[in-house]
Amino acid sequence: MLKENLEEVEEKIAKACERAGRAREEVTLIAVSKTKPVEMLQEIYDEGIRDFGENKVQELTEKYEVMPKDMKWHMIGHLQRNKVKYIVDKVTLIHSVDSLRLAETISREAEKKGVTVPILIEVNIAGEETKFGLSSKEEVISLSEQIAALPNLSVKGLMTVAPPAKDPEENRPFFREIRQLSVDITNKNIDNVSMEILSMGMTNDYTVAIEEGATMVRVGTGIFGARDYSKK
Ligand SMILES: *Cc1c(COP(=O)(O)O)cnc(C)c1O
């Protein structure tokens, strides 16, 4: 069943790339496996997927221990500073950096472990109060400049979680805005800041996000099915 889900997602990604005149290789599919058992992750791994997204530190480290070592782990959820030390040397990318204090902690812990951690700056483009992330362009630009000065960390782009929408078309303007913001930041030529990654689009709206320039899409439900939180 998961294999069929994945095939469907892959097909939609391919078609969206085609519509946008983009190469399929420009888009990385991240399988968002939060709340799902490792057996299900293994099934998707066996289909060739290597990028997995988790939003909780403990769940990520537990799965990290038992899954194959060539898996790439993406931290996509809100990250508490006191937990940074558990993941800095395990993750491929931290998508959810929304403050200088968090970036400073990542920098310090990465230095202790002798690694350099790629990060994305989380942008709350719709300005929703319930969400994390920076909500003004000026804030994003100034945070990028401040973070750029920190050692053992490099800014690779932007991430956003668009609002839930009945029609994914509603989120197109947000994705477009993020892409434009990444162009604006690129044009500032800040040392140690690149905008090569745009992490945007989830099950509901990833095809629209790809059309608007996403280089990473985070798909959970579309691959693993609905999540059940009742048992926790
Ligand atoms: C859960 C989650 C996803 C995946 O959501 P789906 O709608 O299940 O695809 C993507 N990004 C973030 C940040 C998430 O927390």
Side-chain angles (χ1 to χ4, degrees), residues 1-2 4-13 16 27-38 40-41 43-44 47 49-61 63 72-80 83 87 91-99 102 118-135 140 156-172 174-175 178 197-232:
M1 183 197 92
L2 296 190
E4 280 78 49
N5 290 350
L6 181 63
E7 279 168 3
E8 192 185 321
V9 171
E10 285 288 1
E11 197 179 310
K12 285 187 180 161
I13 291 175
V27 180
T28 301
L29 170 61
I30 300 173
V32 176
S33 48
K34 62 189 186 196
T35 79
K36 299 297 179 184
V38 289
M40 288 175 88
L41 278 69
E43 234 181 290
I44 291 300
E47 295 301 322
I49 297 293
R50 291 295 175 270
D51 293 89
F52 289 79
E54 290 284 341
N55 68 341
K56 295 213 158 59
V57 166
Q58 190 180 343
E59 193 174 342
L60 190 155
T61 53
K63 288 173 174 172
K72 296 181 197 158
W73 296 96
H74 295 258
M75 179 60 197
I76 62 172
H78 183 65
L79 182 54
Q80 287 171 302
K83 293 188 176 161
I87 60 159
V91 291
T92 287
L93 183 64
I94 298 175
H95 292 232
S96 43
V97 176
D98 60 356
S99 73
L102 174 58
I119 63 143
L120 304 179
I121 293 174
E122 181 171 355
V123 186
N124 177 0
I125 206 75
E128 289 174 285
E129 283 179 12
T130 53
K131 288 219 177 107
F132 297 102
L134 302 165
S135 49
V140 177
K156 295 289 183 196
L158 305 176
M159 177 272 216
T160 197
V161 178
K166 265 213 190 78
D167 179 355
E169 284 298 330
E170 289 169 31
N171 286 335
R172 190 181 293 278
F174 296 132
F175 296 140
I178 296 276
I197 299 175
L198 287 182
S199 169
M200 53 188 200
M202 307 174 21
T203 296
N204 188 45
D205 53 20
Y206 66 92
T207 57
V208 174
I210 290 170
E211 288 169 10
E212 295 302 329
T215 69
M216 286 185 175
V217 291
R218 310 178 308 267
V219 180
T221 312
I223 296 174
F224 295 105
R227 287 176 291 274
D228 180 4
Y229 289 101
S230 65
K231 284 175 283 187
K232 295 232 157 164

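Since the model is a prediction, treat every value here as computed from it, not as a measurement. Every number for a ligand or one of its atoms is a count from 1 in the order of the listing.
- Within a 6.0 Å radius of CD in Q58, no more than 12 heavy atoms belonging to other residues, nucleotides or ligands are found.
- With contacts defined as side-chain heavy-atom distances shorter than 4.5 Å, the pair D228/T35 does not qualify.
- Put simply, the side chain of M200 does not reach to within 4.5 Å of the side chain of V123, judged on heavy atoms.
- For the pair T221 and ligand 1, the shortest N or O to N or O distance falls below 3.5 Å.
- The backbone N or O of H78 sits nowhere less than 3.5 Å from a side-chain atom of N55 that would complete a donor-acceptor pair.
- Less than 4.0 angstrom separates some heavy atom of R218 from each of these atoms of ligand 1: 4 (C), 9 (O), 10 (C), 11 (N), 12 (C), 13 (C).
- On a distance-only criterion, N204 and ligand 1 share no N/O pair closer than 3.5 Å.
- Remark: side-chain polar atoms of E4 are paired, donor with acceptor, to backbone N or O of M1 under 3.5 angstrom.
- Of the polar atoms of M202, none of the N or O atoms is found under 3.5 Å from an N or O of ligand 1, judged by distance alone.
- Within ligand 1, counting atoms from 1 as listed, the ones closer than 4.0 Å to a heavy atom of G220 are 4 (C), 6 (P), 8 (O), 9 (O).
- Contacts of R227 with ligand 1, taken as heavy-atom pairs under 4.0 Å, involve the side chain alone.
- Within the 3.5 Å criterion, the main-chain N or O of V32 finds no donor-acceptor partner in the side chain of R218.
- Ring-plane geometry between H74 and H95 is classed as perpendicular, the angle between the planes exceeding 60 degrees on a 0 to 90 degree scale with a lower cut at 30.
- Given atom 6 (P) of ligand 1, the protein heavy atom at minimum distance is T203 OG1, 3.4 Å.
- Residue contact check: V219 has heavy atoms under 4.0 Å from atoms 9 (O) of ligand 1.
- Heavy-atom neighbours of K56 NZ from other residues, nucleotides or ligands within 6.0 Å: at or below the threshold of 12.
- For ligand 1, the atoms sitting less than 4.0 Å from at least one non-hydrogen atom of V161 are 13 (C), numbered in the order shown with element in parentheses.
- Among all protein heavy atoms, the one lying closest to atom 13 (C) of ligand 1 is I76 O, 3.5 Å.
- For atom 14 (C) of ligand 1, the closest non-hydrogen atom on the protein side is K34 NZ, 3.0 Å.
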